[in-house]
Amino acid sequence: RELTAVIGAARSGPAARPAGPDRPAPLADRPAPLADRPAPAADRPEAAHQAADRAPLTGAQSQIWVLNHLAPDRPTYHSPLEIRIDGPLDAAALRAAFARVVARHQALRSVIRFDVDRPVQVALPEGPGLAVMELRALPGAARDRELARLAYEQAVAPFALDREVGLRALLVHVEDGTHVLLLTVHHILMDGVGYGVFCRELTACYRALVAGAEPDLPALPGSWLEYARWEHDWLAGPEPERLAAYWRERLAGLPVLRLPTPRPRPDSLTFDGDQRSLLLGGAQSREFFALVRRAGVSPFVAVTAAFAALLHQLSGQEEVVLGAASENRRLPGSTGLIGCTMSTLVLRIGVGDAPSYTALLDRVAGTVLAAYDHQGLPLPRLVRAAGVRHEPGRLPLFQVAVEWQEPGAGGWDLPGRTPTWRVGRTGAARPGLFLTAAPRDRCLAARLGVNTRLWAAADAGELAATIAARSRALHFHREIT
């Protein structure tokens with residue numbers, strides 16, 4: 001209810017700050033292994049939601065669930081991927097590997113239903129399978145059109161999350177020796193960490209099965225539903241209040257980033273979007289990564305600093321506010337679980353008074369590290385800590401987000417095959433601007449998503465090119481030695 005109030009105000013207009021005390025804190029804040037977690041007392045209100053086959057949503061899932069209901073038929077939180085596999089492929093082994101991973105992870109067999117007055121996730125006995133389609137009989141042009149149609153339809157078709165798991169998988173035999181695996185994942189099902197686990201385990205199972213062996217996967221520390229119950233209790237403990245105290249101080253007087261946009265901002269939240277991709281050349285990319293090494297910062301810090309400098313230039317504001325996400329896997333061993341645990345971070349960066357780019361890099365690095373040290377607070381508590389006034393047509397806290405994707409996160413490692421991948425299009429957007437950067441084939445790749453109610457698709461290309469130009473220019477800063 002609190003999250004609905006926070007987001008609903010941004011959708012329809014100003015509203016009062018959500019009120020209400022936090023739950024009491026019955027648990028210690030030190031994480032315990034899932035196997036050592038105490039069973040819920042029968043008289044605790046959470047006990048009804050802690051049957052073996054169900055659990056509360058995590059904070060990340062709750063946030064996505066509410067935002068998804070603002071535009072239930074839009075693919076705002078769909079993550080489509082097209083993986084092209086060149087070389088012979090054992091489709092039966094890949095289907096069997098897919099089934100092994102689905103059976104192993106509860107999140108891949110869970111739907112979201114209402115239990116009394118709140119959504120809960122319910123594990124089903126079985127999950128989705130890998131479908132297979134043949135296009136080899138079609139002529140070349142017709143085959144390409146059909147593949148594009150299948151990819152788009154799978155990417156944008158709504159998920160009925162109360163009846164189906166937020167995962168679709170279709171293997172398309174395009175021609176002899178060429179196959180395309182179409183994956184569409186609803187973000188409420190898994191975050192970036194979970195997606196990496198899914199891809200690594202899928203390929204590990206495939207490699208074992210085609211070799212006639214049993215897959216040898218590491219034992220899981222517990223189930224996904226056990227993790228969700230643990231987080232639910234952790235959020236009722238004392239640690240979130242310590243985090244809230246930090247964010248109250250950090251976000252006091254938080255400015256609203258007001259970028260000039262070619263189109264007027266609507267009075268309500270919209271989720272129409274488009275994206276543009278670009279790839280820096282080899283020499284330019286080498287210069288960028290050399291800058292990162294000389295400065296002693298992460299590539300994420302360097303990209304965030306470049307993006308913040310551009311936003312400062314476009315808006316004329318001394319401070320810019322960006323959103324980011326953290327893994328938020330607090331429990332030991334939980335990085336091996338598929339699920340969605342990510343935490344929203346608010347990066348408040350003073351750009352206008354930075355005396356040099358070196359100083360800006362140091363400032364961004366400090367901001368990012370401090371934010372990661374205080375991750376884990378759900379969005380409603382962040383909004384309450386900031387005390388921001390709701391504005392119609394804007395999400396609370398930030399309108400621009402930035403993300404860095406590590407190489408090899410997908411884990412596609414098929415024996416004797418050469419998989420290549422690309423992100424599918426959905427025609428949807430989350431915040432006003434969303435920059436994703438990643439190393440790819442020893443180059444710096446970037447993808448900029450824009451809300452097309454504010455920018456035209458052509459504007460996305462121009463903005464992406466400007467970001468690339470600024471990133472290329474960073475090596476000219478002689479203060480970095």
Side-chain angles (χ1 to χ4, degrees), residues 1-3 6 22-41 44-67 105-113 115 118-123 161 166 186-195 197 220-244 246-247 325-345 371-385:
R1 288 191 295 269
E2 183 181 24
L3 182 56
V6 169
D22 290 341
R23 295 188 188 95
L27 300 179
D29 61 350
R30 176 178 296 178
L34 288 174
D36 297 337
R37 186 180 181 276
R44 278 172 52 185
E46 302 98 303
H49 307 299
Q50 295 192 10
D53 66 341
R54 63 191 57 208
L57 303 186
T58 63
Q61 289 178 309
S62 296
Q63 176 180 331
I64 295 170
W65 188 84
V66 171
L67 288 169
H105 289 276
Q106 277 184 328
L108 302 182
R109 296 181 282 107
S110 294
V111 296
I112 298 176
R113 296 172 177 165
D115 187 352
R118 70 188 71 185
V120 298
Q121 47 195 326
V122 181
L161 293 174
H186 198 291
H187 203 15
I188 204 168
L189 180 72
M190 66 176 88
D191 51 22
V193 175
Y195 184 76
V197 173
L220 295 175
S223 72
W224 167 247
L225 296 188
E226 287 174 325
Y227 181 92
R229 296 183 199 111
W230 173 85
E231 188 195 87
H232 182 264
D233 287 342
W234 179 85
L235 288 171
E239 178 66 6
E241 182 50 41
R242 183 188 70 84
L243 301 179
Y246 167 82
W247 288 109
S326 66
E327 296 177 359
N328 193 35
R329 301 262 173 155
R330 292 179 170 272
L331 207 56
S334 61
T335 53
L337 290 174
I338 291 176
C340 185
T341 68
M342 65 169 195
S343 176
T344 298
L345 303 179
Y372 271 86
D373 284 343
H374 297 86
Q375 63 181 308
L377 207 61
L379 179 64
R381 298 194 192 184
L382 277 176
V383 173
R384 183 166 44 183

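The structure displayed is predicted, hence computed values, not measured ones. Reckoned from all heavy atoms, side chains included, excluding hydrogens, waters and symmetry mates. If you read the sequence from its start, that first residue is 1, and numbering goes on from there.
Nearest approach of Ala385 to Ala244, heavy atoms of both residues: CB-O, 4.0 Å. Across all their heavy atoms, Ala55 and Ala228 have their closest contact at CB-CB, 4.0 Å. Of all the heavy atoms in Gly376 and Asn328, the pair that sits closest is CA-OD1, 3.4 Å. Nearest heavy atom pair, residue Ala52 against residue Arg229, reads O-NH2, 3.2 Å. The nearest pair of heavy atoms linking Glu231 to Gly59 is OE1-N, 2.7 Å. Minimum interatomic distance between Arg330 and Trp230 (heavy atoms only, all atoms of both residues): CB-CH2, 3.8 Å.
Counting only heavy atoms from C-beta outward, the side chains of His105 and Met190 never approach each other to under 4.5 Å. Between Arg329 and Asp191, some side-chain heavy-atom pair lies under the 4.5 Å cut-off. Contact of the Thr58 side chain with the Trp224 side chain is registered, since non-hydrogen atoms from C-beta on lie closer than 4.5 Å.
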Residue pair Ile64, Met342: steps toward the side-chain contact (heavy atoms from CB on, under 4.5 Å) verdict: CA-CA 11 Å; Ile64 295 170; Met342 65 169 195; 4.1 Å; yes
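Not counting sequence neighbours, the partners of His186 by the side chain to side chain donor-acceptor pair (under 3.5 Å) test are Asn68. Annotation: side chain to side chain donor-acceptor pair (under 3.5 Å) contacts of Thr344 (sequence neighbours excluded): Gln63. Remark: Tyr372 engages Ser326, Leu345, Val368, Gln375 in a side chain to side chain contact (heavy atoms under 4.5 Å, CB included) (not counting sequence neighbours). Residues passing the side chain to side chain donor-acceptor pair (under 3.5 Å) test with Arg242 are Glu239, sequence neighbours excluded. In this view, Pro378 and Leu235, Pro380, Arg381 satisfy the side chain to side chain contact (heavy atoms under 4.5 Å, CB included) rule, not counting sequence neighbours. With sequence neighbours left out, Leu57 forms a side chain to side chain contact (heavy atoms under 4.5 Å, CB included) with Gln61, Ser62, Trp65, Ile112, Pro119, Gln121. The salt bridge (charged side-chain N to carboxylate O under 4.0 Å, His left out) check on Arg109 picks up nothing, with sequence neighbours excluded.
Atom-to-atom distance recorded for Glu327:CD and Thr341:OG1 is 7.5 Å, nearest 0.5 angstrom. Note that OH of Tyr246 is 8.0 Å distant from CG of Asp373, once rounded to the nearest 0.5 Å. The CD1 atom of Ile338 sits 11.0 Å away from atom OG of Ser110, with the distance rounded to the nearest 0.5 Å. Remark: Leu243 CG to His374 NE2 distance equals 6.5 Å, nearest 0.5 Å. Atom CG of Leu161 and atom CG of Leu189 lie 9.0 Å apart (nearest 0.5 Å).
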